[in-house]
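Below: one structure, written as structure tokens.
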Amino acid sequence: MSLFESPFFQDAFSQLESAGATMKMDPNVLERLKYPKRALQVSVPVRLDDGTVKVFEGYRVQHSLTLGPGKGGIRYHPHVSLSETAALAMLMTFKCALVGLPLGGAKGGIKVDPTDMSRAELQAMTRRYTTEIAMIIGPDKDVPAPDIGTDGQTMAWLMDTYSQLKGYAVPGVVTGKPVAIGGSLGRAESTGKGVVFCINFAYEKLNQKITNSTTVAIHGFGKVGMPAAHDLHSQGAKIVAISDVSGAIYNAKGLNIPAATEWVRNRKLLRDLPDCEHITNEQLLELDVDILIPAAIDGVVTKDNAHKVKARMIAEGANGPLTHEAVDIITDRGGLIIPDILCNAGGVIVSYFEWVQGLQMFFWDLDTVNKKLHDIMKTAFDVVWKAKDTYKCNMKQAAFISSLSRIEGAMKLRGMWPG
Ligand code: GLU
């Protein structure tokens with residue numbers, strides 16, 4: 001598959017071009033940023049529980065290492081491809097630069113449905129994938145983390161495999177690890193927490209407050225959506241709808257979030273939750289709510305359904321949930337979009353804290369983590385808000401512009417090799 005083949009890559013590419021044009025970016029720098037620095041494709045043979053061997057397609061793409069080691073998650077999903085991984089790596093470059101981290105952008109993944117696999121199969125697949133990409137990862141080179149379909153356990157296997165290859169424990173090779181092996185307090189809920197910080201910052205700018213009549217719909221009640229639901233619920237907002245792969249549940253008076261959490265944590269599907277109204281994921285996206293948080297996967301709001309999305313504010317918890325066209329349609333009708341590279345940056349910010357703590361072997365308390373997360377996100381939010389006013393553009397473009405100006409500055413200082 002070619003780099004440019006997936007709609008997601010084309011979309012990221014067109015956002016880059018349009019922001020580059022608005023800020024009058026140096027065309028030579030823009031040209032460089034369209035391509036990843038390197039992309040590794042690997043084959044991952046796994047002996048399944050029935051004794052047969054199946055080979056999965058895996059990738060690790062480093063888009064840019066200008067500002068520091070590559071950073072970005074590893075995704076286990078049937079849609080993973082070289083092109084999608086390259087697009088996600090590009091977004092990680094922009095995300096890390098936007099929030100001022102000394103890190104580049106990378107992403108990895110395996111084309112697989114992990115929900116079909118046993119623990120032993122998942123472990124074998126993760127260990128072999130790690131071995132195959134070991135030559136390009138490492139605390140100074142590229143530091144993976146969880147993404148869709150992977151979690152703290154996956155990262156623990158990755159850390160162990162890399163450490164076995166080296167002969168000593170290397171916690172800094174990966175973030176999103178369990179706390180017991182060098183993970184950071186607060187990492188698990190950091191992405192959702194950051195989403196809610198951004199919503200709060202946006203409400204402050206609009207001179208509004210979250211009250212018990214503020215309605216929220218959350219697409220994807222997982223690693224991002226669940227902690228976001230909790231924080232908004234504890235601020236008094238009414239979470240009227242949440243969803244998972246099986247469908248959505250709705251209650252105009254507000255859902256019982258602690259009960260839904262308990263249900264999902266017990267590995268049960270929302271479809272089977274009794275005593276509530278069931279709607280589809282598509283209906284959830286079109287609810288008339290104050291805040292919509294698409295926190296599941298990319299491309300859920302496109303030019304085909306953007307006209308039906310009524311939410312006043314959309315906080316992009318996932319990477320790329322709105323296509324470029326959908327962003328334009330929604331901002332043209334006055335909707336405020338908090339863009340992914342800002343809105344979901346809480347995860348990689350606390351990943352950065354985890355990496356720093358791991359390198360120093362000195363660990364912080366939860367308040368320190370959350371306070372530093374808040375302050376970094378506040379600074380980034382203010383920068384983007386200001387760029388929106390300066391360039392008279394939407395928040396998505398403003399986030400790209402703010403990030404690109406940082407990368408452009410750094411690339412020009414480092415220069416091109418060979419000149
Ligand atoms: N996968 C997450 C993201 O897309 C986290 C990446 C990281 O922590 O390195 O931002």
Side-chain angles (χ1 to χ4, degrees), residues 115 148 189 191-193 195-196 198-200 202-203 208-318 320-323 326 329-330 333-338 340 343-344:
T115 57
I148 294 171
E189 60 278 15
T191 313
K193 194 166 270 307
V195 169
V196 178
C198 284
I199 292 170
N200 290 158
Y203 266 64
Q208 290 176 20
K209 273 202 157 61
I210 304 267
T211 66
N212 57 11
S213 58
T214 307
T215 51
V216 185
I218 303 180
H219 183 252
F221 194 61
K223 286 198 290 269
V224 182
M226 196 187 281
H230 275 264
D231 285 1
L232 285 167
H233 188 251
S234 62
Q235 289 179 16
K238 219 189 295 177
I239 318 294
V240 296
I242 57 171
S243 72
D244 65 12
V245 281
S246 72
I249 55 171
Y250 173 76
N251 186 339
K253 294 202 191 90
L255 294 163
N256 182 342
I257 293 299
T261 302
E262 175 80 12
W263 185 263
V264 171
R265 286 230 167 102
N266 287 326
R267 300 192 171 273
K268 294 192 213 158
L269 293 171
L270 288 175
R271 178 181 57 203
D272 304 322
L273 186 68
D275 305 325
C276 57
E277 192 179 328
H278 292 268
I279 59 172
T280 64
N281 270 288
E282 291 70 33
Q283 286 171 312
L284 178 147
L285 294 167
E286 294 164 15
L287 287 172
D288 187 359
V289 285
D290 296 308
I291 305 165
L292 170 66
I293 307 178
I297 194 151
D298 51 273
V300 294
V301 184
T302 65
K303 64 176 183 345
D304 301 326
N305 61 348
H307 292 284
K308 298 186 209 147
V309 172
K310 300 173 203 66
R312 262 72 67 200
M313 183 184 289
I314 300 179
E316 288 190 307
L322 274 61
T323 63
I329 294 168
I330 290 167
R333 65 123 171 103
L336 179 73
I337 294 169
I338 309 176
D340 51 3
C343 194
N344 71 30

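Just so it is clear, the structure is predicted and the values come from calculations on it, not from any experiment. Hydrogens, waters and symmetry mates play no part in the numbers below; they use all other heavy atoms, side chains included.
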ask   = Which pairs, with at least one residue in residues 255-269 and sequence neighbours excluded, count as a side chain to side chain donor-acceptor pair (under 3.5 Å)?
value = His230-Thr261
Quick one: pull up [atom1] in [X] and [atom2] in [Y] and give me the separation to the nearest 0.5 Å.
| X | Y | atom1 | atom2 | result |
| --- | --- | --- | --- | --- |
| Leu273 | Asp244 | CG | CG | 9.5 Å |
| Glu316 | Cys198 | CD | SG | 11.0 Å |
| Leu270 | Ile242 | CG | CD1 | 5.0 Å |

ask   = Restricting to pairs with a member in residues 211-221, which pass salt bridge (charged side-chain N to carboxylate O under 4.0 Å, His left out), not counting sequence neighbours?
value = none
task = Enumerate the residue pairs fulfilling salt bridge (charged side-chain N to carboxylate O under 4.0 Å, His left out) with a member in residues 218-241, sequence neighbours excluded, ordered by first and then second residue.
result = Lys193-Asp231
remark   = On a heavy-atom basis, the closest approach of Ala295 and Gly220 is CB-O, 3.9 Å
note = Between Ser243 and Asn281 the two heavy atoms that sit nearest each other are OG-OD1, 2.7 Å
key: pair Asn251-Cys276: side-chain heavy atoms closer than 4.5 Å   = no
task = List the steps, then state whether side chain to side chain contact (heavy atoms under 4.5 Å, CB included) holds for Leu284 with Ile279.
result = CA-CA 7 Å; Leu284 178 147; Ile279 59 172; 4.2 Å; yes
Counting only pairs under 3.5 Å, give me each side-chain donor-acceptor contact of residues 301-315, with atom names and distances, residues two or more places apart or in other chains.
| residue | atom | partner | partner atom | Å |
| --- | --- | --- | --- | --- |
| Thr302 | OG1 | Asp304 | N | 3.1 |
| Asn305 | OD1 | Thr302 | N | 2.7 |
| Asn305 | ND2 | Val300 | O | 3.0 |
| Lys310 | NZ | Glu286 | O | 2.7 |
| Lys310 | NZ | Lys308 | O | 3.3 |
| Arg312 | NH1 | Asp288 | OD1 | 2.6 |
| Arg312 | NH2 | Val289 | O | 3.4 |
| Arg312 | NH2 | Asp290 | OD1 | 3.1 |

message = Could you work out, with side chain to side chain donor-acceptor pair (under 3.5 Å) as the rule, every residue matching His233, not counting sequence neighbours?
response = none
query = What residues form a side chain to side chain donor-acceptor pair (under 3.5 Å) with Gln283, not counting sequence neighbours?
reply = Thr280
request  = Could you point out which residue of Ile199, Val224, Val196 forms a side chain to side chain contact (heavy atoms under 4.5 Å, CB included) with Ile293?
outcome  = Ile199
